[in-house]
Amino acid sequence: DYTPYLYKTTNYGKSWELITNGIDKNHYTRAIRADKTRDGLLYAGTEWGMYVSFDDGENWQPFQLNLPITSIRDLHVKDNNLIAATHGRSFWMIDDLTPLHQLSDAVTKADFYLYQPKPSYRMAGGDRRNELKEGQNHPNGVLFHYFVNDLKKKDKISLEIMELDGTVIETYDRKKLKAKKGGNRFVWNMRYPGFKTFPGMILYSSPNRGPKAVPGKYKAKLTLNDASVEQEFEILKDPRLETTLAELQEQFDFLIDVRERVSEAHQAMLDIRNLRKDLNYINQKLGEDEAYGEVLDMTKGMDKDMKVIENNIHETQNQSYQDPLNFGIKVNNRLAFLMADQQRGDYPPTDQAIQVKEQLTEELNGYLEAWESFQNENLPKLNQLLEDKGFQMLRKERKEAN
């Protein structure tokens, strides 16, 4: 007898009702479990796969997703996860049931929707996957589930991660989201942006990773063209850690400060190279004409002095990731390494780290002041020379670091 049999009682067993409408007549049942969050949400395991009901068993529909066709011998609901024990295919798990909890007529009729993320633990570790195995760890981050009923090539879609006051932490466009028509999932790694970069930047042992968000409440906004949906979410502290929230905040503030110092250094690198492009352009235009000898001498001298400042900030001889073994590193890389080193775990900055940051900041400020003085002294003179020769003046531009 392959007939599925599931029964429900509402009077403590005095009478029973068969609740198998929608389940294939040959998919005999092996397990049924009720969701712990949403009333009426049921899961059923059969000899030939999974089913789900949103109305307390009155109607069922297949819930196979990427699960192979196999016998479901047992089911377990833990937190917001559904675990299925199969026969001969190991076990299978849905990492996040919150979209099922939030489904409603209003949601399903919407053109697009961002589900409220479940609370997410801030934890160490990554999500590396061995492609020789089928198993995959639970994603390490905040899980954003959303759907788009219709997504055309011209449509613009983005996800903004924000602090509660509206300060934008990060914005992900359509390409980064890998958005497609239908259901989507995006995992935010809980990190703030890293430091500013520049073309050809080679740093030794200093990955550009911003600090992790401090446990607390945040919000996200999904925008499709001119419409948007906003949801709050919460990041939870790993309960196994003895580190306090105040200490995690101290670590975050330290890392952000170091990140800004690195960005300032790299902004100076960009400014120096932009000015060098302008000087090279002038040199190319003037050629070797003796009438412009004073201008050419000044541009060449400026470039020579700029190289000194540039190489004090960053080791420009480093062109590959092994070059620092020969040429060493400069203040920007030392700050970047400090940033990487002080987020290897969840702890406040050490006394030594604070001292190193102060020393490196003082050193960097000296180079930045030298760059500022260089511009203030040389650009007016060069501009005057150019103006006397009938050329348009160069402007001093100072961009703010992100």
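From a predicted model like this one, the values you see are computed outputs, not experimental measurements. Numbering of residues begins at 1 and proceeds along the displayed sequence.
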**Q** May I have all residue pairs that pass ring-ring contact (aromatic ring centres under 6.0 Å, His included) and include part of residues 89-115, sequence neighbours excluded?
**A** Y113-Y115
**Q** Taking atom types as modelled, is there a side-chain donor on N383 or E387 under 3.5 Å from an acceptor on the other?
**A** no
**Q** Measure the NZ-CG distance between K219 and L164 for me, rounded to the nearest 0.5 Å.
**A**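 Answer for the NZ-CG pair, K219 versus L164, is 6.5 Å.
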**Q** Checking side-chain polar atoms at under 3.5 Å, does N21 have a donor or acceptor matched by the opposite partner on N59?
**A** yes
**Q** In terms of heavy-atom contacts, does CG of D39 have more than 12 from other residues, nucleotides or ligands at under 6.0 Å?
**A** no
**Q** Using a cut-off of 6.0 Å, state whether more than 12 heavy atoms not belonging to K217 lie near its atom NZ.
**A** no
**Q** CG of D226: more than 12 outside heavy atoms within 6.0 angstrom?
**A** no
**Q** Heavy-atom count around D111 CG within 6.0 Å, excluding the residue itself: above 12?
**A**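 It does not: D111 CG has 12 such atoms or fewer within range.
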**Q** Just by distance, no angles: are the side chains of Q284 and N280 close enough, under 3.5 Å, to form a donor-acceptor pair?
**A**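 Per modelled atom types, Q284 and N280 side chains form no pair under 3.5 Å.
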**Q** How about N333 and S206: does a side-chain donor come under 3.5 Å of a side-chain acceptor?
**A**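 Yes - a donor-acceptor pair under 3.5 Å links their side chains.
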**Q** Working to the nearest 0.5 Å, report the span between OH of Y218 and CD of E234.
**A**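 Those atoms lie 10.0 Å apart.
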**Q** Return yes when atom OH of Y121 has more than 12 non-hydrogen atoms of other residues, nucleotides or ligands closer than 6.0 Å, and no otherwise.
**A**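 12 or below, so no.
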**Q** Any donor-acceptor pair under 3.5 Å linking the side-chain atoms of D55 with those of S53?
**A**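 D55 and S53 do have a side-chain donor-acceptor pair below 3.5 Å.
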**Q** Around atom CH2 of W188, are there more than 12 heavy atoms of other residues, nucleotides or ligands at under 6.0 Å?
**A**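 Counting other residues, nucleotides and ligands, CH2 of W188 exceeds 12 neighbours.
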**Q** The criterion is salt bridge (Lys or Arg N to Asp or Glu O under 4.0 Å); which residues satisfy it with D346, sequence neighbours excluded?
**A** R122
**Q** Can you list every pair that meets ring-ring contact (aromatic ring centres under 6.0 Å, His included) and has a residue in residues 295-354, with sequence neighbours left out?
**A** F198-H314
**Q** Can you list everything that forms a salt bridge (Lys or Arg N to Asp or Glu O under 4.0 Å) with E315? Sequence neighbours excluded, please.
**A** K330
**Q** What do you reckon, is CD of E230 surrounded by more than 12 foreign heavy atoms closer than 6.0 Å?
**A** yes
**Q** Just to verify, what does D297 make a salt bridge (Lys or Arg N to Asp or Glu O under 4.0 Å) with, not counting sequence neighbours?
**A**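 Counting only residues at least two positions away or on another chain, D297 forms no salt bridge (Lys or Arg N to Asp or Glu O under 4.0 Å).
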**Q** Run the salt-bridge test on R261 and E264 with the 4.0 Å N-O cut-off and return the result as yes or no.
**A** yes
**Q** Which residues pass the salt bridge (Lys or Arg N to Asp or Glu O under 4.0 Å) test with D305, not counting sequence neighbours?
**A** none
**Q** Exactly one of I23, T70, I69, D24 should register a side chain to side chain contact (heavy atoms under 4.5 Å, CB included) with W48. Which one does?
**A** I69
**Q** Going by heavy atoms in the side chains, are M123 and R240 under 4.5 Å from each other?
**A**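 Result yes, sub-4.5 Å side-chain heavy-atom pair found.
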**Q** Distance only, no hydrogens: is a donor on one side chain within 3.5 Å (strictly under) of an acceptor on the other, for D351 and Q355?
**A**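 No, Q355 and D351 have no side-chain donor paired with an acceptor closer than 3.5 Å.
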**Q** Indicate, with yes or no, if the rings of Y146 and F186 have centres closer together than 6.0 Å.
**A** no
